Amino acid sequence: MSNILIIEDDAPLSNGIKLALQQDDFLFSQAFTLESARKLMETIEFDLLLLDANLPDGNGFDFLKELRKSSKIPVIMLTIHDMETDIVTGLELGANDYVTKPFSLMVLRARVNTQLKNNTGFLEQKTIIDDFMFDFDKMEFRKNGFIIELSKTEQKLLKIFVNNKGYTLTREILLDKIWSEDAAFVDENALSVTVKRLRDKLEDTPSKPKYIKTVYGIGYVWTSR
């Protein structure tokens, strides 16, 4: 599951990008200001930023310059500035790619996939949490060294949880990401059943979960004491 943050103040365009890039392995967050983007980045570890150059509370180029002091996260600039000097400035400041508006959503999708693919070499292939070892590439999951058999749906749910540790995920988001286009037709009870099965396989005491906590009235969060 790749976490993508869209920093774009044009709501219809932001929603259009999200719709065009919707895939099983993409989880989106949207920020319409730099302030809201910074707050999201404090709690979520993103794999890619789509960054508009002009935002209500600041300049995307300045934000990128600030970001590059502490992070190598891939950034694709989205901007109406198509002069060669602007493109060079964006790239020299650390942008991984530069897309000028208006742009083809199909082309943007290809560029997003390229950046995520290029970045996989720097990502940990295995996730180690306490007594757990999760290898989503090999679909191998262990607790205390013992194999845990997970269904494809349980694997999807687990990957979303561990990639968003400490971040409350609503039932709507989970339904959408796990069942994708069929989410509107899936009984919400299916999510509750999948969470229960995952707890039964991972938790020492499923009735008093340490990791997969229920946030009543909202959804679930992966946490640990």
Side-chain angles (χ1 to χ4, degrees), residues 1-125 136-137 159-160 163-167 169 173 176-177 180-181:
M1 178 68 62
S2 294
N3 274 320
I4 298 176
L5 175 58
I6 305 172
I7 309 173
E8 167 62 63
D9 65 324
D10 184 332
L13 176 57
S14 178
N15 292 331
I17 292 172
K18 178 179 177 181
L19 182 63
L21 300 181
Q22 196 73 51
Q23 292 185 0
D24 288 348
D25 54 351
F26 288 172
L27 184 65
F28 291 96
S29 294
Q30 292 169 281
F32 302 102
T33 64
L34 291 176
E35 181 182 2
S36 59
R38 289 188 180 96
K39 288 181 179 178
L40 285 169
M41 293 178 72
E42 288 175 358
T43 57
I44 305 174
E45 185 175 346
F46 291 103
D47 301 299
L48 175 68
L49 302 186
L50 300 180
L51 175 63
D52 186 14
N54 298 308
L55 290 146
D57 58 343
N59 183 295
F61 293 116
D62 292 337
F63 178 80
L64 177 60
K65 184 178 180 180
E66 171 193 329
L67 180 70
R68 282 293 174 254
K69 294 178 181 179
S70 60
S71 174
K72 294 182 179 180
I73 181 175
V75 175
I76 299 179
M77 294 291 298
L78 307 176
T79 175
I80 59 172
H81 301 297
D82 58 357
M83 293 182 61
E84 185 175 284
T85 52
D86 294 318
I87 297 174
V88 170
T89 297
L91 295 174
E92 287 184 342
L93 286 174
N96 298 79
D97 204 347
Y98 194 106
V99 180
T100 57
K101 302 175 182 178
F103 50 80
S104 162
L105 289 173
M106 288 184 65
V107 170
L108 177 61
R109 183 172 188 168
R111 293 189 178 209
V112 164
N113 284 326
T114 295
Q115 290 303 322
L116 291 173
K117 182 178 180 181
N118 289 344
N119 197 46
T120 55
F122 301 97
L123 300 176
E124 290 289 338
Q125 299 302 308
F136 292 98
D137 289 338
K159 192 170 187 179
I160 294 172
N163 282 349
N164 295 275
K165 294 188 293 292
Y167 182 67
L169 299 166
I173 286 177
D176 181 57
K177 295 305 171 186
S180 190
E181 296 179 359

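Computed from a prediction, not measured in an experiment: that's the story for all the values here.
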Checking T89 side chain against T85 main chain: does a donor-acceptor pair fall under 3.5 Å?
-> yes
Using a strict 4.0 Å threshold on nitrogen-to-oxygen distance, state whether K101 and E8 make a salt bridge.
-> yes
When rounded to the nearest 0.5 angstrom, what distance separates CG in L50 from CD1 in I17?
-> 6.0 Å
Locate the shortest heavy-atom distance separating G90 from F61; write the atom from each residue and the value.
-> CA-CE2, 3.7 Å
Taking all non-hydrogen atoms of both residues into account, name the closest pair between P56 and D9 and its distance.
-> CD-CB, 3.6 Å
Locate the shortest heavy-atom distance separating F103 from L13; write the atom from each residue and the value.
-> CZ-CD1, 4.2 Å
Residue pair L5, Q30: steps toward the side-chain contact (heavy atoms from CB on, under 4.5 Å) verdict = CA-CA 6 Å; L5 175 58; Q30 292 169 281; 5.9 Å; no
Can I80 and T100 be said to form a side-chain contact (heavy atoms from CB on, under 4.5 Å), step by step?
-> CA-CA 5 Å; I80 59 172; T100 57; over 6 Å; no
If you round to the nearest 0.5 Å, how far is CD1 of I4 from CD1 of I76?
-> 8.0 Å
How would you list, by chain and number, every residue that makes a salt bridge (charged side-chain N to carboxylate O under 4.0 Å, His left out) with D97, sequence neighbours excluded?
-> R111
Between I44 and S29, the two heavy atoms sitting closest are CD1-OG, 3.9 Å
Would you check, one step at a time, whether the test side-chain contact (heavy atoms from CB on, under 4.5 Å) holds for F46 with M41?
-> CA-CA 7 Å; F46 291 103; M41 293 178 72; 3.9 Å; yes
From T79 atom OG1 to I87 atom CD1, the distance as rounded to the nearest 0.5 Å = 9.0 Å
Once you round to the nearest 0.5 Å, how far does CE of M77 lie from CZ of F63?
-> 10.0 Å
Does a donor on one side chain sit under 3.5 Å from an acceptor on the other, for D47 and Q115?
-> no
D86: what forms a side-chain contact (heavy atoms from CB on, under 4.5 Å) with it, not counting sequence neighbours?
-> H81, M83, Y98
Stepwise side-chain contact (heavy atoms from CB on, under 4.5 Å) test for L55 and T33 | CA-CA 6 Å; L55 290 146; T33 64; 6.0 Å; no
When you measure from the side chain of R68 to the backbone N and O of I73, does any donor-acceptor pair fall under 3.5 Å?
-> yes
Provide the full list of salt bridge (charged side-chain N to carboxylate O under 4.0 Å, His left out) pairs with a residue in residues 26-42, sequence neighbours left out, each pair given once.
-> E35-K39, R38-E66
Which heavy atom in I6 sits nearest to a heavy atom in S14, and how many Å separate them?
-> CG2-OG, 3.6 Å
From L78 atom CG to I7 atom CD1, the distance as rounded to the nearest 0.5 Å | 9.5 Å
Closest contact, heavy atoms only, D52 versus N54 = OD2-O, 2.8 Å
From OG1 (T114) to CG (N96), nearest 0.5 Å | 11.5 Å
